[in-house]
Amino acid sequence: MLCLFKIPSIIAGVQPEEFYEDMQFWRSAVNNYWSLLTPLIFSDHPKRPGDEDPMPPYNMIRNVMDMNANYGGLNAALLEEKKSVWVMNVVPARATNALPLILDRGFVGVMHDWCEPFPTYPRTYDMLHANGLISHLASESCNMLELFLEMDRILRPEGWIILSDTMWAIELARKLATQLRWEARLIDLQNGSDQRLLVCQKQFVKK
């Protein structure tokens with residue numbers, strides 16, 4: 001069978017095996033994320049007598065930011081699964097510059113120093129995602145509380161945060177989420193690794 005998909009050639013040093021493993025990882029991760037979010041969103045919007053069925057989560061999550069996008073694998077997997085979302089892919093300023101590859105794939109992306117505020121309006125995003133970002137920034141001596149305050153600023157009320165990282169980084173994130181009054185759920189991936197998942201929701205606070 002003829003394969004029409006090719007690896008963008010604009011980034012030197014990206015091995016085909018690494019690229020395809022990244023794709024496989026994100027296909028699985030997106031399925032896992034939606035399995036987690038679906039019951040949570042439905043429980044926040046329960047069906048009442050006479051109501052239509054609640055909308056699926058991909059209609060309630062429209063604007064997504066991947067805060068540590070790497071090759072744009074999350075964006076690609078969401079498109080493959082036909083999720084109706086728009087993704088902003090962010091490459092941390094002090095990480096390997098894969099932004100040309102992201103752009104070559106036809107995705108939207110920017111480089112940004114997460115030790116600084118992100119240039120966007122408040123409440124722009126429905127979901128923030130970060131894989132390995134907390135441990136990366138902690139090694140760069142960034143102020144983690146200021147990072148989480150910035151995340152809170154750009155996330156809409158009742159928006160979602162998915163953080164994947166090492167156990168100690170996720171525990172730090174959980175404590176910061178508690179300070180911001182996010183509802184947080186710690187998930188052990190049950191795969192024998194040190195990786196943990198933290199699924200948070202920003203609460204709607206009435207004045």
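Heavy atoms only: backbone and side chains are in, while hydrogens, waters and symmetry mates are out.
Each of Val110 and Val91 belongs to its own hydrophobic cluster when Ile, Leu, Val, Met, Phe, Trp and Tyr are linked at side-chain heavy-atom distances under 4.5 angstrom. A single hydrophobic cluster is not seen to contain both Leu137 and Met167; linkage of ILVMFWY side chains at heavy-atom distances under 4.5 Å, directly or through other members, places them apart. Hydrophobic clustering keeps Trp160 apart from Leu180 (ILVMFWY residues linked when any side-chain heavy atoms are closer than 4.5 Å, directly or through intermediates). Both Phe118 and Leu147 belong to a single network of hydrophobic side chains, linked directly or stepwise wherever heavy atoms of I, L, V, M, F, W or Y lie under 4.5 Å apart. Grouping the Ile, Leu, Val, Met, Phe, Trp and Tyr side chains by contacts below 4.5 angstrom, directly or via other members, places Leu198 with Leu145.
Using a 4.5 Å heavy-atom threshold, the side chains of Leu37 and Ile162 count as touching. With contacts defined as side-chain heavy-atom distances shorter than 4.5 Å, the pair Glu81/Trp34 does not qualify. The shortest side-chain heavy-atom distance between Phe148 and Ile134 falls under the 4.5 Å cut-off. Within the 4.5 Å cutoff, the side chain of Gln203 has heavy atoms near those of the Glu183 side chain. Counting heavy atoms from C-beta outward, Gln195 and Ile170 have side chains that stay 4.5 Å or more apart. Within the 4.5 Å cutoff, no side-chain heavy atoms of Tyr71 are placed close to those of Thr96. Between Met151 and Leu163, some side-chain heavy-atom pair lies under the 4.5 Å cut-off. Annotation: side chain of Val30 is in contact with side chain of Leu74 (closest heavy-atom distance under 4.5 Å).
To the nearest 0.5 Å, the span separating OH on Tyr125 from CH2 on Trp86 amounts to 4.5 Å. To the nearest 0.5 Å, atom CD1 of residue Ile154 and atom CE of residue Met65 are 4.0 Å apart. Here the CG atom belonging to Leu128 is positioned 10.5 Å from the CG atom belonging to Asn63, to the nearest 0.5 angstrom. How far CZ of Phe107 is from CG of Leu101: 9.5 Å, rounded to the nearest 0.5 Å. Between atom NZ of residue Lys202 and atom CZ of residue Arg153 there is a gap of 9.5 Å, rounded to the nearest 0.5 Å. A distance of 4.0 Å separates CH2 in Trp182 from CD1 in Ile161, rounded to the nearest 0.5 Å.
Smallest separation of non-hydrogen atoms from Glu158 and Phe204: CG-CB, 3.9 Å. The two residues Asp22 and Gly73 come nearest to each other via the heavy atoms OD2-CA, 3.7 Å. Nearest heavy atom pair, residue Arg174 against residue Glu171, reads NH2-OE2, 2.5 Å. Scanning all heavy atoms of the two residues, the minimum distance from Pro92 to Leu133 falls at CG-CD1, 3.9 Å. Pro157 approaches Arg123 most closely through the heavy-atom pair CD-CD, 3.8 Å. Between Ile102 and Gly72, the shortest heavy-atom distance links the atoms CG1-N, 3.8 Å.
Judged as a side chain to side chain contact (heavy atoms under 4.5 Å, CB included), and not counting sequence neighbours, the contacts of Leu103 are Leu99. Residues that satisfy the side-chain hydrogen bond (donor to acceptor under 3.5 Å, both in side chains) test with Tyr33, not counting sequence neighbours, are His129.
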message = Pair Asn75, Asp66 - check side-chain contact (heavy atoms from CB on, under 4.5 Å), show working.
response = CA-CA 8 Å; Asn75 196 157; Asp66 191 356; over 6 Å; no
key: Test log, rule side-chain contact (heavy atoms from CB on, under 4.5 Å), inputs Asn89 and Arg105   = CA-CA 12 Å; Asn89 296 282; Arg105 299 178 79 176; over 6 Å; no
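For the 3.5 Å distance criterion, the side chains of Asn131 and Ser164 qualify, holding a donor opposite an acceptor.
Taking 4.0 Å as the cut-off between side-chain N and carboxylate O, Arg196 and Asp165 do not count as a salt-bridged pair.
Counting only residues at least two apart or on different chains, the side-chain hydrogen bond (donor to acceptor under 3.5 Å, both in side chains) pairs with a member in residues 108-119 are Arg94-Asp113.
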